[in-house]
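Per chain, numbering begins at 1; letters A, B, ... match sequence-line order.
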Amino acid sequence: MATFEESGSEIVSDAEPKLLSIKNIASTAGKILRARLPWAPIIIMAVVVICAIFAPLLAPHDPTDIDIGVRKLAPGENWSYPLGTDRLGRDMLSRLIYGARTSAFISLVALGAGAVVGTTVGLVSGYAGKWTDTILMRITDAAMGFPTILAAMIIVTILGAGIANIILAIAVTVWARFARMIRGEVLQVRNRDFVLAARITGVSPVMIIWRHIFPNVINTLLIILTLLVGQTILLEASLSFLGLGLAPGASAWGLMVAEGRDYLISMWWLSLLPGLVITMVVMAFNFFGDWLRDTLDPKLRRSI
Amino acid sequence: MTTPSQINAAPGSDSSYEGPLAHIENLKKYYPVTQGMIVRKNVGYVKAIDGVSIDIPKGQTYSLVGESGCGKTTTARMFLMVEKPTAGQVFFRGKDIHKLSRKETADYRASVQAVFQDPWSSLNPRMRVDSLIAEPLVTHQHLSRTELKKRVHELLETVGLRSFHAERYPHEFSGGQRQRIAIARALSTQPELMILDEPVSALDVSIRAQILNLLKELQQNFSLSYLLIAHNLATVRYMSHQVGVMYLGKLVEEGPPSAVFGDPKHPYTKALISAALPAHPTNDREEIVLRGEVPSPINPPSGCTFHTRCPVAMDICSTVYPERREVAEGHRTSCYLYTETGTASA
Amino acid sequence: MAKIDRSGEPLLSVQDLRTYFYTRSGVVKAVDGISFDLHPGETLGIVGESGSGKSMTAWSILGLVPQPAGKIVGGKIFFKGQDLLEASPSEMRQIRGSGISMVMQDPLTSLNPVFTIGSQVIESLRMENKGPAAKLREMAAALLAKVSIPSPETRLHAYPHEMSGGMRQRVVGAIAISRSPSVLIADEPTTSLDATVQLQYLKLLKEIQETTGAAIIFITHDLGIVANMCDRVGVMYAGKFVEQADVLPLFDNPSHPYTQALMRSVPDLEVDVAHLPSIEGQPPSLDDLPPGCAFAPRCEHAFDKCDTYPDTFTIAEGHTSNCWRHSGDYSVAD
Amino acid sequence: MTRFILIRLVQAFFTLLALSAGVFFAVHLTGDVVSFLTSPQDTPQSVALMRQSLGLDRPIYVQYWIFLQNVVQGDFGHSWTWGRPASSLLLERLPNTLKLAASGFVLTLILGIPLGILSAVYRDSVFDRIAKFISVLGMAAPQFWVGIMLLLFFGAYLGWLPTFGIGGPTHYILPSFSLSLFLIAGMVRLTRSSMMEVLDSEYIKFARVKGLHERAVIWKHALRNAIIPVLTFAGISLGGLLNGSIVVEVVFAWPGLGRLMLTSVTQRDYAVLEATVLTAGAMYILMAMLVDILYAYIDPRMREE
């Protein structure tokens, strides 16, 4: 274990931390399997995914079904509506299950788009350097700092409301985080000798990025992705809370909190439950992301 | 030791060429230093290499020694075609490498390979050993899978590893073994010239001799030429046929190791030798402790760039850079101590 | 080389020191039974490769073993008669800097990047010298001058990143000797320096030793430095000393197969050789040591007895070696 | 250092210009302003007349130039929903948002940084546990929900604190806490890990070798270095503060810029939208610039290019 001899002798001891071994696809899987898995977050994440996919099968009622006969039921009051109903008699549980679908869909698409754009920008910016890098990073900085809700407002003003525009608004700001982090990693990988070795052999820049650089930033990508899921869900919730995207009555957690706000005293569960669900789900993703980062790349600790 | 089958022919490998395998002539590499708030303008140059000429004969080792910032690594990298020289030319088999056709450039890249200092950084941790070793081959030749596999196994054996190592990843190897993998990779296209940039200084002391011996053996078997960059003078003496001593981008002394180390002429070479600590407590060596450190290459001193630290500097040294003189057969130095102007003024 | 008086009490006496690391992959015995004495004015060299435990020996003496994984599990460290392993944290703090000090490998990272050189030197001086700021500044400048830093007054205002590596290492040296410690540990202080600057720095250390009479522990992998700087040498391999001797007997008559092989495998600048005898195999990893002698797998003389760790054999007065070859059994087995 | 500040000023100027162009063109190229001001009954002539009177018949870059000139003079145009100049609305609302953001930011700094440091220095202590709880909860709970729950508990249920609008100091407690919880959580996490990283560094080891008291090691040597990434975060978090203030203003019926912005979106009140977005953006850019300069002051290595 050369790591213990940190201050002792030669470049070897600095260059040889065992972390390096982690940077290997084969051992990534092994590492994840060997480490103690965070079961609670995994179960919560799995429940969300299952709810999102099988919402129609799992939900006991149609979330949009209005039934004045069962309105304003508190949780536990009527067991066919275990989490209660709202003032129109819509089933809370069913709406929450469908809400998972909304959240999962929006986060997934927005994050996916952000990841693709951001990773590409990060790879190109980091590898090309010079003015390409300067320009791309100025844009990235601006996009990263720009408040997402502000961006969403502008987009909604211009393009109108709708799920697609919420996704666009999130993607427009979230890509910058990928770009920043990936670029940082690329800068480090680019200076490693194996990239120089490939260049002097005559390997083309596209192949260098694809075979030598990209595989070495996949861990980082994976980590950012999981760490951002939580934040994306929060953003989506905030946007739907403000009524900036979805039509009233849609099943989205943020929107449900907003609707419940007017009946805080009489029907406390309307706002409490969806908020609790958001908190738990985001917590699960955050925990999992932290765990993944600690397992795969402790050096990233500070950066996100 | 297996002899890998001959696969490619070197560029312009006509038998008529009889000069050195590679040589550079009056090579300069300046990096601009810019300043300015919005509009950036050049305010000077880092003179990384400032007029260096060397010859690398076939099958021999030419070593460059000197302290950090002397330009030895930049000089070596000029052969790797990752940067263009500011002035001067690099020749390989008599041809200017920057004037080669596309096809010739590809052949050149196959004939010149490199081994770097840090084996933890020079192997892509995400690639298996077999694809690492085969990458140069795949880039330059079209071989079938079985041919490739056979070749990789041959190469592994050549560098003292086993064929089952091909299926492993770099992190499963120790420093010395990784350096062997890097050497196998460099050998894959049957190069004629290898750039060795501090190939053992990152390795454990007890491993270094293994790698040095392997490199020597390969040189004999494949009549390879080496351009070796090293700061350890004893290693250089063990490995080389020719030594060049560099200081601030200039070659100050050159010759066979027995001459350069046995009878050094340039005051800087003498100081370097004195700084290489003797291997036995009773060995006494002339002790020359230089003043200060290597000056910045941005604004190098006038005249002989060494005059600011030279214990025997004369007035003339700060005026014009001294000409290169042959002081003995094949032993050259640039110092006023050995020119008529210098001896006259002294 | 000045003769060292070894008749008195040793300044520092390390006895059977053991520092282990408890990691997920097992127990790493970084330091495993190290003993040595250090007398005033003496320079002890600890030679070893990376991972041999030589730096950790230093950190153990200073009471700064990385927490929480590292732990000193056995042994005694006497400094001027006091057992450091029994000392309280505040007693240890008193000893660090004023009794035992250290120069580390990398001068760039051992200085705090956000404070000026002056404030970092003065900070150390202030622990012992009360006085007005101007007087401390003066002392700091004098200290920098002592380590041959040109124009020390202006240098006080510089930040570490504005100085060259050699200058920074001198500053680190100045801070280390600012409170006149009686033991100075130098952990590869010249590894990151150029050859001519290394020579300057080694000269400086010798000068400091001559003027202050401090004892030095020199940790290095470079046999050349050992030959030129040290009075006494301990050769470390896998957490243990395999050979200890005064410098001349060690180089004239290396006894342990590792020492012998190491010396043979290092090229010599004075002579041309056609072939270097190299040591085959790889250095062991400390979390997976073979039973018995750790060098046995690479040793050309290894025989069946090497499966148990060898006793300490005395070759000559003050010269010991841990190898079964020195027992009577070897010739039989051979 | 002066040079550095100058460079940052120039950069900030150009970023602002880019933002103004972005907002202007986005609004004017995509939405036809006139269509909101006129009704289908209006004759084409009167529409054209209106176009002319608003200057909308001129080339877009000329319009932008005029817009810029007006903005520099503090004229953002007329709000057609409020029937007042957008700038007067802005001046009325902006201070409220600034006060809210400032109190949230102060809360972030005075709670986040010390807690982060204490939890790094005393690992596994009670501080560490509080810090972990806050960082886990704060990173996950949506700001609007935290606001609503606080409002429900402290306002409606206990009746201790005012639940909406602006007023005395007590009016600030709930909004600024819901605004800053997320940032406090981020700050705690970042300070903790930054501090832990610095405590591992060579110069900290060397400071201990010198025999420095642990107090000096931590509060002088480590803190000054650990604070550098924290400052960057503070800069980035300003964006988050603006994000959050919109939501929090809605929850607590706070008469600030955020709510104005939101209503201007839903009402398609372009003058107000441009005014608020530009102001929010400018605030962000200027604060980021200040953070950069502060950064250079703390880290001497950054003063050079």
Minimum-distance pair of heavy atoms, taken over all atoms of T279(A) and A141(D): OG1-CA, 3.6 Å
In terms of heavy-atom pairs under 4.5 Å with chain A, which of S264(D), P142(D), A280(D) leads? P142(D)
Nearest 0.5 angstrom please: L137(D) CG to N286(A) CG, how far? 11.0 Å
Just wondering, are more than 12 heavy atoms of other shown residues or ligands nearer than 6.0 Å to CE in M45(A)? yes
For the atom pair CG (L273(A)) and CH2 (W145(D)), what is the distance rounded to the nearest 0.5 Å? 9.5 Å
Report the distance from atom CE of M283(A) to atom CE of M139(D), rounding to the nearest 0.5 Å. 11.5 Å
Please state whether the side chain, the backbone, both or neither of F287(A) comes within less than 4.5 Å of a heavy atom of chain D. side chain
Top contributor to chain D interface from V281(A), L272(A), I278(A) [non-hydrogen pairs under 4.5 Å]: L272(A)
Could you look at M149(D) and say if it's the side chain, the backbone, both or neither that has a heavy atom under 4.5 Å from chain A? side chain
If you define the side chain from C-beta out and look only at heavy atoms, does anything of R189(D) sit under 4.5 Å from D290(A)? yes
So L242(A) and F144(D), do their side chains get closer than 4.5 Å, heavy atoms only? no
Can you say whether I148(D) sits under 4.5 Å from chain A via the side chain, the backbone, both, or neither, judging by heavy atoms? both
